[in-house]
There are 2 protein chains.
Amino acid sequence: MFIENYYQLVYKDIMTSKEKLRKAGLRPTKQRMIIANILLDGINRHFTAENLQDEINSSGNSMSIATVYNCLKKFRNCGLIKQIETSKDTAVFDTNTHQHHHFLNEETGELIDIEDDEINLKSLPKIPQGYFNNGVEVLIKLKKQD
Amino acid sequence: MFIENYYQLVYKDIMTSKEKLRKAGLRPTKQRMIIANILLDGINRHFTAENLQDEINSSGNSMSIATVYNCLKKFRNCGLIKQIETSKDTAVFDTNTHQHHHFLNEETGELIDIEDDEINLKSLPKIPQGYFNNGVEVLIKLKKQD
DNA sequence: CAAGTAGTTTAGAATGATTTTAAAGTGAAA
DNA sequence: TTTCACTTTAAAATCATTCTAAACTACTTG
Ligand SMILES: [Mn+2]
Ligand SMILES: [Mn+2]
Ligand SMILES: [Zn+2]
Ligand SMILES: [Zn+2]
């Protein structure tokens, strides 16, 4: 288990953005590579389309906001990133694609990761007939004391 | 416990919409009474602002969409209803104000209640310093089989 | 009961996130 | 190379929600 994860990490680190996109079934365009370089560096982050466009700009590149949205949708549908269930008016994405959970500071919108094994989710209810469990998300809403 | 709930139910059923609004600290306007009559009947439902406006219309009344939003915000802030954390582009509200959870059919957006005791949430992670747990929401995403 | 006032409603305008349009550009297969 | 489906883009459109500012109304006080 330890060794598997080790090789997986190394393998993932060694893959170029182009290879990661190809492996995900996406044509590696210039724009997708720019985004892959920013997002697929192994660091977990939560971000919006606008956050990402800002990062693209500060990396010396630029991209239409429509393209940012197009790419985020493609990346999400391929499982390269995921979208977090939050009732904020702006979509929030996450580079941590494993099943995990969040603290949500409802005042600021800030999200903090909770790893899957930090929550006991053994007794789940029976899944409705004809459906299957496609992911569980636990959200713990935080409020400031006093 | 049984008897307490029994009296609570009866009491709640006997209260008029006007009394419920007063008790919640809201001035009972004509518009809020129309909404209270629809929402506070003890039946659990999930709905959007537009859903509610449709119900208002079919009850023979009518109301500006701005007022629907104003009232929903007031009702939510008073704890008469709550808003569900969902990444849909339209806000979803819930008349079930107890802590509970949901199945989400991501294709249709349909939500199904999961009562709090149907999920084992004993081992929660430590809440960050200076904050307190202001509610836990578990979302189980459903996908259709085949 | 008035009259006064803070809180509420409303139509319509504004805002902000996201999607669509349609035309120009590009990656990859042959 | 040629070809074509896929992609990018600026600009317009869409859609949910909020704002504005003027008219209204529920309660308080006299
Ligand atoms: Mn929204
Ligand atoms: Mn949302
Ligand atoms: Zn996360
Ligand atoms: Zn519910």
Let me know the distance between [atom1] of [X] and [atom2] of [N], rounded to the nearest Å.
X       : N      : atom1 : atom2 : value
B/Ile65 : D/dC15 : CD1   : P     : 14 Å
A/Met63 : D/dT7  : CE    : P     : 14 Å
A/Gln53 : D/dT9  : CD    : C1'   : 12 Å
A/Tyr69 : D/dA10 : OH    : P     : 15 Å
A/Lys74 : D/dC6  : NZ    : P     : 8 Å
A/Leu72 : D/dT7  : CG    : C1'   : 15 Å

* **Results of salt bridge (charged side-chain N to carboxylate O under 4.0 Å, His left out) for B/Glu55 - residues two or more places apart only** => B/Arg45
Which heavy atom of [X] sits nearest to which heavy atom of [Y], and what is that distance?
X        : Y        : answer
B/Lys143 : A/Asn134 : CD-ND2, 3.7 Å
A/His46  : A/Val92  : CB-CG1, 4.2 Å
A/Phe132 : B/Lys144 : CE2-O, 3.6 Å

* Structure fact -> Rounded to 10°, the angle between the first-five-pair and last-five-pair axes of the helix from C/dC1-D/dG30 to C/dA30-D/dT1 is 30°
* To do: Check every nucleotide of DNA chain C for an atom under 4.0 Å from a heavy-atom of chain B, then give the first and the last such nucleotide from 5' to 3'.
  => C/dG7 to C/dA11
* According to the salt bridge (charged side-chain N to carboxylate O under 4.0 Å, His left out) rule, which pairs have a member within residues 116-142 of chain A, sequence neighbours left out? -> A/Glu137-B/Lys141, A/Lys141-B/Glu137
Taking atom types as modelled and ignoring hydrogens, do the side chains of [X] and [Y] form a donor-acceptor contact shorter than 3.5 angstrom?
X        : Y        : answer
A/His100 : A/Asp94  : yes
A/Thr67  : A/Asn70  : no
B/Asn57  : B/Ser62  : no
B/Asp113 : B/His101 : no

* Structure fact -> Nucleotide by nucleotide, nucleotides 20-30 of chain D touches protein heavy atoms under 4.0 Å in the pattern (B base, S sugar-phosphate only, - none) -----BBS---
* Asked: Transitive ILVMFWY cluster of A/Ile112 at side-chain heavy atoms under 4.5 Å: who else is in it?
  -> A/Phe103, A/Ile114, A/Ile119, A/Leu121, A/Leu124, A/Ile127, A/Tyr131, A/Val136, A/Val138, A/Ile140, A/Leu142, B/Phe103, B/Ile112, B/Ile114, B/Ile119, B/Leu121, B/Leu124, B/Ile127, B/Tyr131, B/Val136, B/Val138, B/Ile140, B/Leu142
* To do: Find which nucleotide of DNA chain C each of B/Asn70 and A/Gln83 is nearest to by heavy atoms, and output the residue with the more 5' nucleotide.
  => B/Asn70
* Between B/Glu85, B/Glu106, B/Lys88, which is the residue that forms a side chain to side chain contact (heavy atoms under 4.5 Å, CB included) with A/Glu85? -> B/Glu106
